[in-house]
Amino acid sequence: MSKIMIPLTFNIKTADAVVIGGGIVGTATAFWLSKTGMKVILIEKRDGLSSLTTAVSAECFRTQFTEKSMADIALPSVEMFENFKDVVELSDIDIHLRQKGYLFVTDDETQVPELEKAIQTYQTLGIPGSELIKGDDLHDRFSFLSSNALAATFNNRDGWISTHETTYGFAKGAKNVEFFMKTIVTGIQKDRQGICTVETDKGLISTRLVVNCAGPYAGIIGKMAGLDMPLTTVRRQKAYIRTSHPLVPLDAPFTVDLKNHSYWRPEAGGVLCAWVDPDEPESPPADELPTDWDFAAESIYRASRLNPFFETIADDLKADDIDVSAGMYVYTPDDKPVIGPSDEIEGFHLNCGYWCGVMMAPEAGKRVADIVMGKIDNKDNPLRYSRFNEGDYERGDTFLK
């Protein structure tokens, strides 16, 4: 039976595995490790699971990846979302699955070949359901788009979930996990065999296996173990706009303007709206992140380019109708996560480096457990950490990172 608690001070505890980080990635990892029969302790410095980066995500998932290594994680993750009650063996769980699709759209003729190439790649990778939509067909199906829109890729299997319910679903479904809240990792000890102890502000935990799922803090945790990982943390913002305007298409997909990096989707009581600034500088990880006073206005302006209904709803908005929040994306040199053993430090495993943690958490957690149990040879794992030293990587070309 698993427990979520704020532990009292202790001298030493033992665990087969310690997972550091209580977002959706860490919780899914603890779930899958527990399914192997391991006794697991998950450490989270905040007072609840899913309360930092996971909580401020757009809560979306997709199948549309052009890199095989990413598609191989994304596709089974989507299948787990679709069958979540069976995965966690809880009949009363509702993760509010909404499969409205992802629509990557452009009005730039020079980008249309990129969309055509993406569809061909999806077919090669065995990603079912993706389609290229052009011209009148595009406007018939998505009438909210500007008349300038030329083409889009679409997959109606994509969508969004409640990340809070999903994270806690993994926690409730875990078999033998102690979830330590408000517990801070202060150090990681090694001996001749590798990892031996995790130091916390509550006490010591003796273990031979640590999985670093610390999100934006993964680099700091890595250095505690003696591993200097090539991770970059970048602030990302999003705006929630309260509106009941009748022009908002409530059945619309997650819609991305490939020309100006803006996106939006319907949300209960309004819409989520944002844009990815490719020039956003690297910044150190932090729990509390500042937001830009003009971010919402810029997001609405950018989204309105191909979604003109935004211009109309903007006329009626008041300051109280808009909430802007910020989280952090983590990037590696090839924009793909690292999963599996660090190789350099025995017993120190990784599940971090995500800009897409929500959508990959289920299968990524399972891959960690499969590697630990020897079901997958890490040499066959394309997202292994050693790829950076081996030079066996290249930067991905998936849309909107």
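A side-chain N or O of Asp292 and one of Gln237 form a donor-acceptor pair less than 3.5 Å apart. Side-chain contact annotation: Arg62 with Asn155, donor-acceptor N/O pair under 3.5 Å absent.
Among pairs with a residue in residues 125-136, those fulfilling salt bridge (Lys or Arg N to Asp or Glu O under 4.0 Å) read Glu116-Lys134, Glu131-Arg141, at least two apart in sequence or across chains. Applying the side-chain hydrogen bond (donor to acceptor under 3.5 Å, both in side chains) rule to pairs touching residues 344-365 yields Thr29-Asn351, Asn351-Tyr354, sequence neighbours excluded. Residue pairs meeting the ring-ring contact (aromatic ring centres under 6.0 Å, His included) criterion with at least one member in residues 40-76, sequence neighbours excluded: Phe61-Phe81. For residues 93-128, every residue pair satisfying the ring-ring contact (aromatic ring centres under 6.0 Å, His included) rule, not counting sequence neighbours, is listed here: Tyr102-Phe104, Tyr102-Phe254, Phe104-Phe399. Residue pairs that meet the salt bridge (Lys or Arg N to Asp or Glu O under 4.0 Å) test with at least one member in residues 246-271, sequence neighbours left out, are Glu59-Arg265, Lys100-Asp251, Asp108-Lys259, Asp257-Arg305, Arg265-Glu267. Contacts classified as salt bridge (Lys or Arg N to Asp or Glu O under 4.0 Å) and involving residues 38-57 (residues at least two apart or in different chains) are given here: Lys45-Asp287, Arg46-Asp287. Applying the salt bridge (Lys or Arg N to Asp or Glu O under 4.0 Å) definition to pairs two or more places apart or across chains, those involving residues 14-35 are Lys35-Glu89.
Side chain of Ser69 to backbone of Pro382: no donor-acceptor contact under 3.5 angstrom is found. In this structure, the side chain of Ser146 does not engage the main chain of Leu306 through any donor-acceptor pair within 3.5 Å. The closest donor-acceptor contact from the side chain of Thr243 to the backbone of Ile241 lies at 3.5 Å or more, if one exists at all. Between the Ser51 side chain and the Gly48 main chain, a donor and an acceptor come within less than 3.5 Å of each other. In terms of modelled atom types and a separation under 3.5 Å, the side chain of Thr332 and the main chain of Lys336 share a donor-acceptor contact. In this structure, Asn212 contributes its side chain and Ala214 its backbone to a donor-acceptor pair below 3.5 Å. Put simply, the side chain of Asn307 gets close to the backbone of Ala303: a donor and an acceptor are under 3.5 Å apart. A donor-acceptor contact shorter than 3.5 Å is absent between the side chain of Thr66 and the backbone of Ala118. Panel note: side chain Ser304, backbone Ile300; a donor-acceptor pair is recorded below 3.5 Å.
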For residues 191-204, dump all side-chain donor-acceptor pairs below 3.5 Å to protein atoms at least two apart in sequence or in another chain.
unit_1	atom_1	unit_2	atom_2	d
Asp191	OD1	Gln193	N	2.9
Asp191	OD1	Gly194	N	3.2
Asp191	OD1	Arg208	NH1	2.8
Asp191	OD2	Arg208	NH1	3.1
Asp191	OD2	Arg208	NH2	2.8
Glu199	OE2	Gln189	NE2	2.7
Thr200	OG1	Lys202	N	3.0
Thr200	OG1	Gly203	N	3.0
Thr200	OG1	Gly203	O	2.7
Asp201	OD1	Ile184	N	2.9
Lys202	NZ	Lys182	O	2.4

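The shortest non-hydrogen separation linking Arg236 to Tyr331 is NH2-OH, 3.1 Å. Across Leu138 and Ala152, no two heavy atoms sit closer than the pair CD1-CB, 3.8 Å. Shown here for Pro333 and Pro230, the closest heavy-atom pair between the two residues is CD-O, 3.3 Å. What you find for Met38 and Ala17 is that their closest heavy atoms are SD-CB, 4.1 Å. Taking all atoms of both residues into account, the shortest heavy-atom contact from Ala151 to Val112 is CB-CG2, 4.1 Å. Shortest non-hydrogen contact noted between Phe144 and Ala252 is CE2-CB, 3.8 Å.
In this structure, Tyr168 and His164 have tilted ring planes: the angle between them lies in the 30° to 60° band.
A salt bridge links Arg235 with Glu280; the closest basic N to acidic carboxylate O contact falls under 4.0 Å. Residues Asp92 and Lys172 are not paired through a salt bridge, judged by the lack of any N-O separation under 4.0 Å between the basic side chain and the carboxylate. No salt bridge links Asp320 with Arg242; every basic N to acidic carboxylate O contact stays at or beyond 4.0 Å.
Listed by chain and residue number, nothing satisfies the side-chain hydrogen bond (donor to acceptor under 3.5 Å, both in side chains) test with Ser57 (two or more places apart in sequence, or in another chain). Applying the side-chain hydrogen bond (donor to acceptor under 3.5 Å, both in side chains) rule to Thr153 yields the partners Gln64; only residues at least two apart in sequence or on another chain are considered. Applying the side-chain hydrogen bond (donor to acceptor under 3.5 Å, both in side chains) rule to Glu390 yields the partners Arg384, Ser386; only residues at least two apart in sequence or on another chain are considered. Under the side-chain hydrogen bond (donor to acceptor under 3.5 Å, both in side chains) criterion, Asp228 pairs with no residue, sequence neighbours left out.
Geometrically, Arg98 does not engage Trp160 in a cation-pi contact defined by less than 6.0 Å to the ring centre and at most 45° from the axis.
For Trp264 and Phe309, the ring centers are positioned less than 6.0 Å apart.
Side-chain contact between Pro278 and His261 is present, with at least one heavy-atom pair separated by less than 4.5 Å. Between Met5 and Met181 there is no side-chain heavy-atom pair separated by less than 4.5 Å. Looking only at side-chain heavy atoms (C-beta outward), Ser262 and Glu298 stay at 4.5 Å or farther from each other. For the pair Ser2 and Phe179, the minimum side-chain heavy-atom distance is below 4.5 Å. Counting only heavy atoms from C-beta outward, the side chains of Cys60 and Asp158 never approach each other to under 4.5 Å. Residues Cys273 and Phe310 form a side-chain contact, since some pair of their non-hydrogen atoms from C-beta on lies under 4.5 Å apart. Between Leu42 and Leu49, some side-chain heavy-atom pair lies under the 4.5 Å cut-off. Residues Lys223 and Ile220 are not in side-chain contact: their nearest non-hydrogen atoms beyond the backbone lie 4.5 Å or more apart.
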- request: Step by step, work out the side chain to side chain donor-acceptor pair (under 3.5 Å) result for Asn83 and Asp86.
  value: CA-CA 6 Å; Asn83 301 281; Asp86 294 333; over 6 Å; no

query: side chain to side chain contact (heavy atoms under 4.5 Å, CB included) between Met224 and Val185: does it pass, once the steps are laid out?
result: CA-CA 9 Å; Met224 288 183 183; Val185 176; 3.8 Å; yes

- request: Start with the C-alpha distance between Thr166 and Phe84, add both sets of side-chain angles, then the distance that settles side chain to side chain contact (heavy atoms under 4.5 Å, CB included), and finish with yes or no.
  value: CA-CA 8 Å; Thr166 307; Phe84 196 71; 3.8 Å; yes

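Checked against Leu350 for a side chain to side chain contact (heavy atoms under 4.5 Å, CB included), the options Ile339, Val368, Leu227, Asp343 give a single hit: Leu227.
In the displayed structure, Ile12 atom CD1 is contacted under 6.0 Å by more than 12 heavy atoms of other residues, nucleotides or ligands. Residue Phe388 places its CZ atom among more than 12 non-hydrogen atoms of other residues, nucleotides or ligands, all under 6.0 Å distant.
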